[in-house]
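Worksheet: the structure to be examined is printed underneath.
Lettering follows sequence order; numbering is per chain, from 1.
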There are 2 protein chains.
Amino acid sequence: MAGATTTESNVTAPTRFLDANGERYAYRRFGGGPGFPLLFLQHFTGTLDNWDPAVTDPLAVTHEVILFDNAGIGRSSGEVPKTIAGMAKHAFAFLDGLGVRACDVLGYSLGGMVALQMAQDRPSTFRRMILVGTAPRGGEDIMHLEKPSLARHFQDPTLRGYAILRKIFFAPTESSQAAGGAFVGRLTQRQVDLDRPSGPEVAANQIAAFREWERFTGERFADLRSIRHRTLVVNGVHDEMIPVANSYRLVENLPDALLLVYPDAGHGSLFQFHESFVGQAAAFLASGQADGEPG
Amino acid sequence: MAGATTTESNVTAPTRFLDANGERYAYRRFGGGPGFPLLFLQHFTGTLDNWDPAVTDPLAVTHEVILFDNAGIGRSSGEVPKTIAGMAKHAFAFLDGLGVRACDVLGYSLGGMVALQMAQDRPSTFRRMILVGTAPRGGEDIMHLEKPSLARHFQDPTLRGYAILRKIFFAPTESSQAAGGAFVGRLTQRQVDLDRPSGPEVAANQIAAFREWERFTGERFADLRSIRHRTLVVNGVHDEMIPVANSYRLVENLPDALLLVYPDAGHGSLFQFHESFVGQAAAFLASGQADGEPG
């Protein structure tokens with residue numbers, strides 16, 4: 001596929017830069033195959049380096065994978081928007097600058113909200129959507145890092161960086177924490193050409209965007225009914241960051257959304273059960289559009 | 001596999017009879033393969049003839065399929081129990097009489113409740129469980145046929161038999177009703193060796209069992225935490241007979257349950273999306289037990 005390189009892993013794919021919309025966006029693209037390009041939209045404070053190669057790389061066998069730093073993240077220029085709508089505008093500018101007119105999307109957490117906003121703003125951009133650990137506008141208990149179940153990890157002086165991520169992305173069971181350790185190990189495989197980690201100013205603006213996204217006017221969730229895209233919604237049953245009830249509301253109100261909920265998993269269900277997730281995602285993206293069968 | 005015949009379809013498999021526990025149980029078994037035998041436990045008023053060959057037959061390629069009429073249903077002798085526990089006792093007597101010591105189970109609706117009861121009473125009976133359109137003890141809004149959304153179909157003088165089933169098992173959309181028509185067409189392929197349809201006395205006793213199953217003592221759903229079986233929970237998002245919230249409660253409280261919710265589907269999601277369902281069920285049953293990956 002045009003633009004794909006022979007580098008097929010997020011461990012080694014070079015970071016590229018696109019000038020568009022008065023900004024410079026950092027991105028990576030690799031892989032290819034019969035599927036539509038697959039745009040990955042990232043979680044709270046995450047950069048290009050936070051995408052698990054166990055998820056990106058197998059999907060790159062059948063899809064060109066496109067990872068992207070929104071404005072103000074990693075090595076992308078600009079200010080981190082304080083609204084999801086602002087982030088959606090940057091994502092459109094990036095896709096337009098790249099010349100990608102239609103793609104599939106995997107929106108994770110914050111990225112899922114951006115995907116939902118984009119699907120409403122310009123439906124033709126996406127063929128199918130995969131929404132993991134995310135919430136609709138008007139969702140409940142979205143990323144309240146101040147609540148005790150999360151704050152205790154941020155306030156624990158023995159935890160730093162990825163050790164915190166392991167606590168907050170995975171369930172407090174031995175099996176889930178082991179999966180979290182393996183996840184962190186995969187992320188640290190990439191050693192060069194790294195993004196700058198997000199600082200407190202990124203977090204503050206993204207938290208402001210979550211607070212704005214929790215607000216709604218009119219009938220709650222009614223806006224979802226106009227999103228006709230075939231969608232796969234995925235969540236861990238013990239997600240403390242964006243509780244699974246938000247995924248329930250998504251599939252109850254989106255017209256064509258299949259729900260998959262993993263046991264023994266928190267916010268990082270897709271990384272914990274990466275083999276199952278990649279299989280489900282690939283089958284969902286590959287399934288026929290006219291056969292009446294969810295993937 | 002022992003007892004499997006060369007007849008591999010519920011359209012043509014002969015009905016057999018087993019004398020055990022002072023009763024005569026009607027059953028069918030067909031297919032075979034590397035998997036454990038797969039016991040099917042049937043829905044409210046359903047007989048052997050209500051199992052969709054589009055679901056049973058593909059699963060019979062890798063599993064011996066065992067369909068069974070509980071006491072008082074179809075051509076099985078005895079009284080229909082007024083409790084789920086009573087139905088579980090008959091299912092144990094049937095399996096014991098058949099010499100099946102361990103199997104997988106697909107419990108649908110009422111049958112899912114019987115499977116849950118059996119898993120608690122004698123955990124070693126089941127390797128894995130598939131629970132479709134069902135509810136835990138203490139679940140909500142279980143089979144309230146008197147509520148307007150369901151009663152209107154029973155009271156519609158233009159509807160009889162399978163036409164009612166199509167209305168109550170499928171969502172009120174063109175696509176779901178079309179799938180319902182196809183489902184009814186598949187059921188009517190079997191023309192001989194048929195069960196006697198269930199009458200009002202069957203319905204009355206099974207409704208009594210639903211009412212008893214809605215009751216709980218102590219902490220709601222706490223009983224689920226002792227059921228360690230790897231479980232696949234499936235529901236249609238628009239199920240009016242046993243609402244999807246019951247499946248949410250199952251996966252939130254069962255220690256190892258994966259949830260799959262189909263869009264545009266009611267109680268009969270497994271029949272509407274039979275290709276997807278069979279693929280998911282077969283993968284779930286085939287997946288390794290020690291690899292930490294849900295199916």
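The two residues B:Pro255 and A:Pro263 have their closest heavy-atom pair at O-CB, 4.2 Å. Residues A:Glu252 and B:His238 share a closest heavy-atom pair of O-CE1, 4.4 Å.
With a 6.0 Å radius and a threshold of 12 heavy atoms from other residues, nucleotides or ligands, A:Arg225 has its CZ atom above the threshold. Residue A:Arg122 qualifies as enclosed at atom CZ: its count of foreign heavy atoms under 6.0 Å is above 12.
Contact of B:Val251 with chain A is made through backbone and side chain together, with heavy-atom distances under 4.5 Å. Looking at B:Val244, only its side chain comes within 4.5 Å of chain A, counting heavy atoms on both sides.
Listed by first then second residue, pairs satisfying salt bridge (Lys or Arg N to Asp or Glu O under 4.0 Å) with a partner in residues 141-153 of chain A read A:Asp141-A:Lys147, A:Lys147-A:Glu240, not counting sequence neighbours. Residue pairs that meet the salt bridge (Lys or Arg N to Asp or Glu O under 4.0 Å) test with at least one member in residues 107-120 of chain B, sequence neighbours left out, do not exist here.
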Item checked: Verdict with supporting geometry, B:Leu260 and A:Leu258, side-chain contact (heavy atoms from CB on, under 4.5 Å) -> CA-CA 7 Å; B:Leu260 189 65; A:Leu258 183 71; 4.3 Å; yes
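Checked options A:Leu259, A:Asn235, A:Val237; the residue passing with B:Leu259 is A:Leu259 (criterion: side chain to side chain contact (heavy atoms under 4.5 Å, CB included)).
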